[in-house]
Each structure stands twice: as C-alpha cells, then as structure tokens.
Amino acid sequence: MSWGGERLGSLVGRAWRGSARFRAGVAMSLLILALAAVGPLVAPHPSEGMGQVPPDAAERAGRPPSLEFPMGTDSLGRDVLSRVLMGARLALVQVGTVVALSLAVGLLVGVLAAYYRGLVEAALTYATEVFLALPAIVVALALRLALGQGFHTLVLSLILSWWPWYARASFVYARSVVEMDYVLLARLAGVPDRIILLRHVLRNVVQPVLVQAITDLGSVLLEASAINFLGLGLEPDAPDWGIIAQNGFKYVTSMPWISLFPGLFILLTALGFSLVGDALREGLDPRLRRRWRLWF
Amino acid sequence: MPLSLGYLARRAVWSLAVVVGVAVLSYLVIILSPGDPAAKWAGHPRGPGAARAVELARGELGLDLPIPVQVLNFLRMVLTGDLGLSIAYRQPVYSVLWRNLAATLELLLVAYAIGVPLGSLLGVLAALNRGRRIDGALQAAGTLLANTPTFWLGLAIFASLLPLGFAAYGRVSTGLALSTGFRPITGLYLLDALLQLNFPVFFDALVRLLPPALAVAAYPTGVCLRVGRALMADALLEDYVRAAAAWGVTRRIIVWRYAFRATLPGLVQVSGLAFAYSLVDAMVVEYVFGREGLGRLLYDAVSVSDFRLAVGLLVVVAAFYLVVNTLADAAQALIDPRVRL
C-alpha cells in the first residue's frame with residue numbers, strides 16, 4: 001500500500017529514527033498490547049479480576065499495596081492488580097470496536113458525499129453536523145435509559161459521536177481527490193462508480209484518516225473511561241479502568257490506591273497511542289518536518 | 001469588519017436545523033428502543049399513580065397518532081421550551097437545565113481563562129527554543145496534559161486537598177450565602193457575587209472553583225501548548241520575520257507583534273473545538289467535586305430514568321455546542337483579516 005508516495009515501512013522507520021517520543025509511544029502501546037494478550041493468564045486472581053468478591057472479603061478489604069497484593073485490594077477485598085490486568089483487554093476491545101466502526105461509517109459517508117454531490121452531499125453533511133453536536137457522554141445517558149447498561153450502550157454512544165469526525169476529514173480529502181483528472185478520466189472511460197470509489201478515491205483517503213485514528217484510540221479511551229466512571233456504560237463489576245476508579249471514588253482518602261492504578265494505566269495507554277499517532281502525522285506532513293533554526 | 005450579519009443569520013438558521021435534527025433523533029430513541037414509549041417518557045413510574053402517569057405521557061406524546069405527527073408534536077414541545085417536569089428534580093426541565101448549564105459554563109470559562117493563556121505562552125517558549133531540550137520537555141508535558149484522564153486528575157486534586165483541611169465541595173458555602181444575603185442572578189456565582197459586591201461569597205466561590213477548574217484546564221493547556229508551538233514555529237520561519245530581523249526590529253516586537261499575532265487565529269479555532277470537548281471533562285469533574293452542574297444531572301437522571309431530562313440535555317448541549325462553534329468562527333473572522341464570513 002502506498003502511503004502518500006512512500007511505503008508505510010519507510011514512514012515508520014523515519015519516525016522511529018527521528019523521534020524519541022515515537023519510540024516511547026511504541027514502547028507504551030506494545031506494553032499495553034502485551035498486557036491485553038497475557039493479562040488473564042498472569043493475573044494472580046482472575047475471578048476477582050472479573051468482579052467476583054472473594055470468600056474472605058471481610059479480612060482482605062482495603063489492604064494497601066504489599067508484596068501479596070502489589071496494587072492493594074479494593075473495598076470488597078478484590079485484588080486491584082488482577083482487575084487492572086483483566087482491564088487491558090477490555091479497554092482495547094472497547095476502543096478498537098469504537099474506532100474501527102466509526103472509521104467505516106465515517107469513510108463511507110465522507111467519500112459518498114464528496115463523490116455524489118448534490119442532494120446526497122447535503123443530506124450527509126446535515127447528518128454529520130447533527131451527530132457532531134452530540135457529545136458521547138450525553139448520548140450515553142439517553143442510550144443507558146433506553147437500552148440499559150452494558151457494552152452495547154457504551155460502544156454505540158461513542159460510535160455515534162466519533163464517526164462524524166472521520167466523515168468530515170475524509171470528505172475534505174475525498175473532495176480534493178474527486179477533482180483530480182484521473183477520476184474524471186475513469187468516469188469518462190465508463191469505469192463503474194463502485195470501482196472508482198474503492199480503487200481511486202477511498203484508497204487515497206484512507207491513509208491520513210487512519211493515522212488520525214491511531215491518535216484517537218487514546219482519546220476514545222479517555223472518553224470511554226469517563227462514561228464508565230459515571231456509571232453510564234459497562235456493568236458495575238466489569239474490569240474496566242474507569243469503573244475500578246469509580247469503585248475507589250468513595251474511599252479516595254482511605255484507599256487511594258484503588259483509583260490510582262487504573263488511572264495510571266488509562267494515562268499510559270492514551271499517551272502511547274497519542275505519541276505514535278502524532279509522530280506518524282508529523283512524518284506525513286512535510287511542513288511539520290522542518291526543524292532547523294534560522295533567525296530565532 | 002469582515003463579519004456580516006447575513007452570515008450570522010444563515011448560521012442561526014442552520015443551527016436551528018441541527019437542533020431540530022437532534023430533537024428528532026432523541027424522539028426516535030424513545031420510540032424505537034424496546035419497551036413502552038409512554039412508560040419511558042413518564043420515567044417508568046411505580047406505585048399507585050403509575051397507570052395515570054403513563055396515560056398522561058401517552059397523551060403528551062400522542063402515541064396513537066401517525067409517527068410524523070408525533071414527531072411534530074414533540075418538536076413543538078422542545079422548541080417552545082415545554083418538556084414538562086423533570087422527574088428527578090420535580091421542576092420544569094428547561095429551568096433545571098439553565099441553572100446547571102450556568103454552573104458548568106462558569107467552570108469551563110475559568111478553566112479556559114487559565115489553560116489557554118498558559119498553554120499558548122508555554123507553546124511560544126517551546127517554539128523559541130525548538131530543537132533544544134526545553135522544547136522536548138515542554139512538548140512532552142503538553143502531550144501528557146492532553147492525555148491525562150480528567151476525572152482521575154480531579155480525583156487526585158480532590159484527594160490531595162482533603163488532608164490539608166481544604167474541603168472544596170460544592171459551589172459555595174450555603175451558610176455563608178444565606179447569612180450575607182447572596183442571591184443568584186445569572187447563575188455564574190463569581191459574576192453574581194461581584195454584581196452584589198459580596199466579596200466573602202466571591203472568594204468562597206473562587207476557592208471552591210479553582211481546584212476543579214485546574215483539572216479541567218489540563219486539556220486546553222496541553223492542546224494550546226502543542227498547537228501554539230507548531231504555529232509559532234511556522235510563523236518564525238516566515239519571510240516577514242526574517243525581513244524584520246534584517247531590519248533590526250527588536251526581538252520582543254518580532255516575537256510578540258509579528259510572529260505571535262499570526263498564531264492567534266489558529267489558537268482561537270483550536271480553543272473553540274477544545275471547548276466543546278471539555279464540556280465532557282467539566283461534567284465529570286463536577287461530579288467528583290460534588291458541584292451543581294450538567295454532570296450532576298447525568299448522574300441524577302439515571303437513577304429515576306428521567307427521559308425528559310435526558311432529551312432536554314441532548315438539545316441544550318447541542319445548542320451550546322453550536323453557539324460555541326459560531327462564536328469561535330466569528331472571533332476568528334474578527335482577528336484574522338483574511339477570513340471573511
């Protein structure tokens with residue numbers, strides 16, 4: 001796949017050589033990916049991680065971090081380390097689903113609006129603007145009331161508020177592609193719309209939007225954990241970092257470690273994705289590459 | 001002035017159309033999700049009056065009418081400002097919303113009054129030192145600030161202030177407000193206290209406002225730092241800066257009057273975008289600090305399935321978002337002579 005005239009490998013390679021922040025971001029992202037892969041295997045108390053209260057809850061509740069419980073235990077005696085480890089996979093599944101589906105919807109809408117113009121463009125632009133005005137957290141409230149608590153509510157509310165950003169971005173890129181001569185020539189040559197859209201337009205639009213999506217993985221996690229923290233998303237026992245932080249909210253003075261560690265992991269994940277995405281975007285944008293100092 | 005009334009009028013019509021779209025969508029959520037729409041609108045009542053409440057709701061929504069007529073009915077309710085009584089607060093939905101919107105707005109405004117100048121100045125500092133270690137450190141700090149979960153930062157501030165004997169809970173001390181005869185006028189307590197020359201209440205409200213405002217300010221600080229640094233670094237490489245340097249214009253004037261001036265439109269634009277995003281942060285932080293505000297409503301609406309409040313919240317937040325965007329665009333037109341609206 002061609003990425004703006006250069007291969008993905010060379011883009012990543014340049015970012016790797018040129019930017020310490022990119023290397024740090026890759027390290028953080030890989031760490032979280034590794035935790036998501038092996039978390040359930042290495043968690044010392046997997047069932048507690050999934051929210052089950054241990055039988056000896058009373059005597060284990062609220063222990064500070066120690067060798068036995070490196071991140072302490074929560075108010076119900078569950079091992080916070082296990083809950084945080086089980087949370088890595090859940091966090092990535094949440095943001096992955098949201099970003100992938102939002103990308104699909106957004107790209108489709110943006111490209112169609114740019115290609116067909118007229119009424120289609122007007123209708124899709126209007127829809128984009130309407131959803132753009134809806135923050136995920138308020139949509140989450142409405143869906144929480146209509147559909148109840150759970151994964152579907154959380155993911156749906158985030159998708160509804162994220163796809164318009166991709167629609168808007170891909171519309172801008174697609175519009176400039178659609179006006180290129182080769183698209184006109186393909187049309188005149190009788191190439192079917194479907195082929196033009198997929199092979200000529202979409203292909204050239206995907207790349208910058210995809211780079212933006214990497215940064216957004218972090219932003220989506222921040223928003224998802226805020227929704228979960230308010231209790232509008234997943235069930236109260238799910239090993240989500242926002243929910244674990246919520247469990248510790250009431251005890252924030254007596255047991256600060258319950259909220260401390262999941263928050264650190266949210267920060268680490270969001271930071272990692274953000275650093276990777278930003279470095280790639282700087283690499284793609286030649287204007288941002290200039291680093292020399294002439295007069296100041 | 002490169003800003004026309006015609007543009008503002010078109011923008012207002014378009015915004016109204018978007019709000020109508022939001023209202024229609026929220027009606028469809030009530031109607032199309034599983035369960036009895038009338039029971040939902042009535043807040044899933046229980047107890048002796050339940051059947052009557054559901055019947056009343058059925059009448060309000062006109063559920064026996066064709067769907068387009070129902071939607072029009074509902075739109076009339078939304079646009080005339082009559083969504084009925086909030087179930088959680090037993091007050092008209094819109095008055096609950098306005099009161100809480102003012103509280104959230106106050107928090108956001110103070111947070112942005114801290115975050116945007118601070119971030120921009122640090123961004124200028126980074127751009128002036130680009131390539132040096134301090135630039136790397138500032139950029140890293142900016143990324144860190146923009147990626148910190150705000151609810152967590154709020155919790156951390158809240159928890160670290162408590163042992164210092166500093167309980168910044170709520171918006172203002174009720175006792176103090178009562179004893180000094182403080183009355184809300186606009187709902188922005190800082191402004192209200194100043195208008196009434198009530199300085200004890202002003203300082204009390206300010207002291208309670210600053211810790212949550214700092215948590216909310218993290219995001220705009222980080223964003224303005226990063227964007228300001230990029231814009232400033234570009235501006236410093238422009239020909240006019242080089243020409244000014246060649247003419248011997250002092251460094252201070254080149255940096256602030258020439259280069260920084262050129263970054264302002266970009267900073268305004270990005271602050272406008274971030275402001276809407278920060279609304280979510282403000283809601284969560286309000287919840288953490290036990291303040292009145294839209295965040296509190298989210299939480300209270302769930303416990304009694306207050307659909308009317310949820311719908312009102314959707315409409316008001318969408319309208320808020322559109323107003324902020326329009327203001328940001330208008331501000332950009334006013335400070336950037338190249339933009340004509």
Side-chain angles (χ1 to χ4, degrees), chain A residues 20-21 24-25 126-127 129-147 218-219 221-223 225-227 229-232 241-242 245-246 248-249 252-253 256 259-260 262-264 266-267 269-271 273-275 278 282 287-288 290-296, chain B residues 14 17-19 21-22 25-26 29-30 33-35 40 128 130-131 136 139-140 143-144 146-152 155-156 158-159 162-163 230 234 236-237 241-242 245 251 254-255 259 276 279-281 283-284 287-288 295 298-299 301-302 305-307 310-311 313-314 317-318 321-322:
Chain A
R21 280 176 293 140
Y126 176 67
E129 290 282 323
V130 167
F131 282 96
L132 212 49
L134 295 175
I137 206 159
V138 187
V139 179
L141 168 66
L143 293 182
R144 164 79 175 74
L145 294 180
L147 303 175
S219 315
L221 180 66
L222 291 177
E223 216 165 343
S225 44
I227 292 175
F229 179 76
L230 279 184
L232 300 172
W241 293 332
Q246 163 68 44
F249 175 41
V252 70
T253 44
S259 298
L260 174 69
L264 277 180
I266 299 171
L267 174 59
T269 314
L271 198 59
F273 288 134
S274 175
L275 289 172
D278 286 348
E282 279 173 28
R287 280 185 314 116
L288 292 175
R290 321 187 274 195
R291 289 193 179 276
W292 65 86
R293 299 161 47 81
L294 274 177
W295 308 99
F296 285 95
Chain B
W14 176 249
V18 170
V19 168
V22 169
L25 265 181
S26 43
V29 166
I30 301 176
S33 59
K40 269 184 226 151
L128 289 176
R130 64 192 178 287
Q139 286 200 63
T143 314
L144 195 67
N147 283 294
T148 307
T150 312
F151 69 87
W152 185 66
L155 261 180
F158 183 70
L162 271 183
D234 270 358
L236 287 175
L237 292 173
V241 167
R242 195 185 330 179
R251 183 182 164 90
I254 293 180
V255 168
L279 185 64
V280 174
D281 288 347
M283 289 184 186
V284 183
Y287 166 74
V288 169
L298 286 178
Y299 194 75
V302 170
S305 43
D306 194 341
F307 249 102
V311 169
L313 206 55
L314 277 172
V317 165
Y321 182 91
L322 292 163

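Lettering of chains follows the sequences in order, A, B, ..., and the numbering in each one begins at 1. Hydrogens, waters and symmetry mates are skipped; everything else that's a heavy atom, side chains included, is used.
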Completion exercise
In terms of heavy-atom pairs under 4.5 Å with chain B, the winner among A:Leu143, A:Leu271, A:Val139 is A:Leu271
Fill in the blank from the handout: Applying a strict 4.5 Å limit to non-hydrogen atoms, the region of A:Thr269 in contact with chain B is neither
Problem - Atom group of A:Phe273 that falls short of 4.5 Å from chain B, counting heavy atoms - result: neither
Exercise for the section: Taking all non-hydrogen atoms of both residues into account, name the closest pair between B:Pro149 and A:Gly263 and its distance. Expected result: CG-O, 3.9 Å
Problem - 4.5 Å side-chain heavy-atom contact, A:Leu134 and B:Leu25 - result: yes
Handout entry: Part of B:Ala146 within contact of chain A (heavy atom distance under 4.5 Å)
Key = backbone
Problem - Side-chain donor/acceptor of B:Tyr321 to backbone N/O of A:Pro135, under 3.5 Å - result: no
Problem - Proximity breakdown for B:Val288 and chain A, heavy-atom pairs closer than 4.5 Å - result: both
Problem - Region of A:Ile227 that comes under 4.5 Å of a non-hydrogen atom in chain B - result: neither
Practice task
Please look at B:Tyr299 and chain A and tell me whether the side chain, the backbone, both or neither of the residue comes under 4.5 angstrom of a heavy atom of that chain.
Solution key: side chain
Practice task
Check whether A:Leu221 gets within reach of chain B through its side chain, its backbone, both or neither, counting any heavy atom under 4.5 Å.
Solution key: neither
Exercise for the section: Would you indicate whether the side-chain heavy atoms of A:Leu230 and B:Phe151 approach each other to under 4.5 Å? Expected result: no
Handout entry: Proximal component of B:Asp281, with respect to chain A [non-hydrogen, under 4.5 Å]
Key = neither
Exercise for the section: Specify the closest pair of heavy atoms between B:Ala301 and A:Leu145, including all atoms of both residues, with the distance to one decimal. Expected result: O-CD2, 4.0 Å
Handout entry: Contact summary for B:Val18 and A:Glu129, nearest pair of heavy atoms
Key = CG1-O, 3.9 Å
Practice task
Give the member of B:Ala140, B:Ala17, B:Ala156 that has the highest number of heavy-atom pairs under 4.5 Å with chain A.
Solution key: B:Ala17
Handout entry: Partner of A:Ile137 by side-chain contact (heavy atoms from CB on, under 4.5 Å), out of B:Leu298, B:Leu279, B:Val317
Key = B:Leu298
Exercise for the section: List the atom of B:Trp152, the atom of A:Leu267, and the distance in Å for their closest heavy-atom pair. Expected result: CZ3-CD2, 4.1 Å
Exercise for the section: May I ask you to name which of B:Leu322, B:Val19, B:Leu144, B:Val311 has the most heavy-atom pairs under 4.5 Å with chain A? Expected result: B:Leu144
Handout entry: chain A interface, residue from B:Leu313, B:Leu155, B:Thr148, B:Asp306 that has the most non-hydrogen pairs under 4.5 Å
Key = B:Leu155
